[in-house]
Amino acid sequence: MVVHSQSAALDNCSLIKTCKPTTSVFKGIPVVDLRDPEAKTLIVKACEEYGFFKLVNHCVPMEFFTRLEAEALKFFNLPQSDKDKAGPPDPFGYGVKKIGSNGDVGWVEYLLLNTNPQITSLKSLTVFRETPEIFRSSAVNDYIQAVKRMTFEVVELMADGLKIEPRDALSRLLRDEKSDSCFRLNHYPPCPELQALGGRNLIGFGEHTDPQIISVLRSNNTSGLQICLRDKTWVSVPPDQTSFFINVGDALQVMTNGRLRSVRHRVLAESMRSRVSMIYFGGPPLSEKIAPLASLMAKGEESLYEEFTWWEYKTSAYKSRLGDYRLGLFEKKTGGAAGQ
């Protein structure tokens, strides 16, 4: 996609938020080797301290990364009128600039697809039917199936590290045929207009936490991802196109009664290079009750949260703004400081 067509596709950037430049590249990102005998301990430690870690030696073939990225770029490089046939999102399908229905915007275009074979999204089908020669569903399916298998292993190691019983207490929710999981492809085009922003950064995707149990991100070798540390400092995550970045989601924070914390993160636009990211969001079935796991609770420990179903939380989250502290509505008023 050439620069002038990018500007046409994502015009009116004056509506998109900016932020002060962050030059701090965080070199302390926890790295977990999935084949390390201590992986279960390292995963828990990383999730307790940051809600975030980089996963290496994951056994997902690099071929799956490169093939899906190429397919995604072919789609995002189509004329805007062709891409619009797969939108507007409902929430699945193609979206551009608008993030959700509550006024949030960003320098981004995306495809949101359902990963549950029991539920067929017409918008998802449109993507493959309208451009079968460009966006082959096999590239998506191969990638998602491999990432799912890896994610099941990660959350079972997490359960081992936390001494959760049974071991599949988390993975069974993601394996369930009614699992409300989804897959998102984000494209952040280069933004030459950054030169005119007086040194400020343009927000590609605004700060937020992910509401699901776990998020599994892979991107190309373009920077932009930032996480917020406990001291409220924003730091940049060095890109690594061969690895995955794992986020704790809000639901997992509740299920561990705040022991693991969902990580606030955002993406900034680049002036010269496009960023492509692919994220698997592992969610439970809509009817699943979300509450602290009994095997994690110490004797006499009280839940910090009111019990709710995933449908209730998801519905609440979709009604909020991107940067809202969504769990605040579900914290027990006398349960101490679950905190933001």
Side-chain angles (χ1 to χ4, degrees), residues 1 4-17 68-69 71-137 139-141 144 180-191 193 202-208 210-212 215 217 266-267 269 274-281 283 286 311 313-324 326:
M1 187 186 293
H4 64 80
S5 65
Q6 290 162 351
S7 299
L10 296 172
D11 58 358
N12 199 14
C13 70
S14 62
L15 295 176
I16 299 173
K17 291 181 180 179
L68 180 55
E69 184 179 321
E71 298 280 327
L73 282 171
K74 286 178 184 178
F75 176 83
F76 288 124
N77 280 327
L78 289 172
Q80 192 63 41
S81 58
D82 289 345
K83 291 184 288 189
D84 287 341
K85 293 175 183 178
D90 61 357
F92 301 107
Y94 172 77
V96 57
K97 195 167 63 175
K98 293 182 180 179
I99 303 171
S101 58
N102 299 302
D104 291 298
V105 292
W107 190 258
V108 64
E109 57 181 339
Y110 67 88
L111 275 173
L112 184 64
L113 306 173
N114 197 324
T115 65
N116 189 337
Q118 306 298 319
I119 304 173
T120 302
S121 165
L122 294 178
K123 293 294 176 63
S124 299
L125 288 176
T126 299
V127 174
F128 303 123
R129 286 176 177 169
E130 294 289 340
T131 59
E133 74 288 354
I134 294 176
F135 209 120
R136 290 183 288 273
S137 59
V140 175
N141 292 335
I144 289 176
D180 186 44
S181 298
C182 58
F183 179 65
R184 186 177 182 117
L185 287 161
N186 286 335
H187 177 229
Y188 304 90
C191 184
E193 290 83 355
L202 189 67
I203 301 291
F205 208 107
E207 63 175 272
H208 63 287
D210 295 334
Q212 292 87 356
S215 307
L217 163 74
R266 67 186 182 189
V267 176
S274 67
R275 174 180 168 88
V276 177
S277 59
M278 42 195 78
I279 314 102
Y280 166 68
F281 297 98
L286 291 172
W311 181 87
Y313 189 64
K314 180 179 177 180
T315 300
S316 173
Y318 272 80
K319 290 179 180 178
S320 67
R321 293 296 297 269
L322 193 61
D324 289 347
R326 298 158 175 164

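Computed from a prediction, not measured in an experiment: that's the story for all the values here.
Distance check, rounded to the nearest 0.5 Å: CG of N114 to CZ of F183 gives 12.5 Å. Taken from CG in L185 to CD in E71, the straight-line distance is 10.5 Å, to the nearest 0.5 Å. Atoms CG and CG, from N77 and D82 in turn, are 12.0 Å apart once rounded to the nearest 0.5 Å. Expressed to the nearest 0.5 Å, how far CD1 of I203 lies from CZ of R266 amounts to 5.0 Å. Distance OH/Y94 to CD/E109: 3.5 Å, rounded to 0.5 Å. Taken from NZ in K314 to CD in Q212, the straight-line distance is 8.0 Å, to the nearest 0.5 Å.
At a threshold of 4.5 Å between non-hydrogen side-chain atoms, the residues V276 and L73 count as touching. With a 4.5 Å cut-off on side-chain heavy atoms, K97 and I16 count as touching. Side-chain contact check for K98 versus P89: every heavy-atom pair is 4.5 Å or farther apart. When side chains are defined from C-beta on, F205 does not count as touching Y110, because their heavy atoms never get closer than 4.5 Å.
Residues meeting the side chain to side chain donor-acceptor pair (under 3.5 Å) test with Y313, sequence neighbours left out: D250. Annotation: side chain to side chain contact (heavy atoms under 4.5 Å, CB included) contacts of S277 (sequence neighbours excluded): N186, Y188, L217, S219, R275, I279.
A donor-acceptor contact shorter than 3.5 Å links the side chain of D104 to the backbone of L322. Looking at D180, its side chain never comes within 3.5 Å of a backbone N or O of G283 through a donor-acceptor pair.
Across R326 and P211, no two heavy atoms sit closer than the pair NH1-CD, 3.7 Å. Taking both residues in full, the closest heavy atoms of S101 and Y318 are given as OG-O, 4.2 Å, listed atom of the first, atom of the second, then distance. Taking every heavy atom of both residues into account, L112 and P91 meet most closely at CD2-O, 3.4 Å. Shown here for S320 and N102, the closest heavy-atom pair between the two residues is O-ND2, 2.8 Å.
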Test side chain to side chain contact (heavy atoms under 4.5 Å, CB included) applied to V267 and V108, step by step
CA-CA 10 Å; V267 176; V108 64; over 6 Å; no
List the steps, then state whether side chain to side chain contact (heavy atoms under 4.5 Å, CB included) holds for S181 with Y280.
CA-CA 7 Å; S181 298; Y280 166 68; 3.5 Å; yes
Stepwise, does the side chain to side chain contact (heavy atoms under 4.5 Å, CB included) test hold for F92 with D90?
CA-CA 5 Å; F92 301 107; D90 61 357; 3.8 Å; yes
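Relative orientation of the F76 and H187 rings is parallel, given thresholds of 30° and 60° on the angle between their planes.
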